[in-house]
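Remarks on the structure that follows.
Count residues from 1 along the sequence.
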Amino acid sequence: MSTTKNIAIGLGIASGALLAAWLFTGNRKKKTRDFISKKANDLKKTFTAAKHQRDDADVHYI
């Protein structure tokens with residue numbers, strides 16, 4: 001990889017780490033955890049609903 005790509009990737013990782021550190025400090029910690037857990041539960045429900053829809057859509061020939 002070129003130096004420019006390495007620098008861009010490094011800056012992206014570093015900025016993500018700084019954002020995570022900022023979100024998980026102070027009074028934002030509880031709000032961030034609640035938000036992430038809510039979105040994770042919504043995502044789980046979406047995947048389980050999609051799985052059940054595929055099961056119901058199967059055609060059984062006699």
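At a threshold of 4.5 Å between non-hydrogen side-chain atoms, the residues Leu43 and Lys39 do not count as touching. Proximity of Arg28 to Phe24: side-chain heavy atoms (C-beta onward) are nowhere separated by under 4.5 Å.
Residue Leu23 comes nearest to Thr32 through the heavy atom pair O-OG1, 3.1 Å, listed as atom of the first residue, atom of the second, then distance.
The CG atom of Asn41 sits 12.0 Å away from atom CD1 of Ile36, with the distance rounded to the nearest 0.5 Å.
Across Ile13, Leu11, Ile7, a single residue satisfies side chain to side chain contact (heavy atoms under 4.5 Å, CB included) together with Ile9, and that is Ile13.
A salt bridge links Asp34 with Lys30: the closest approach of a Lys/Arg side-chain nitrogen to an acidic carboxylate oxygen falls below 4.0 angstrom.
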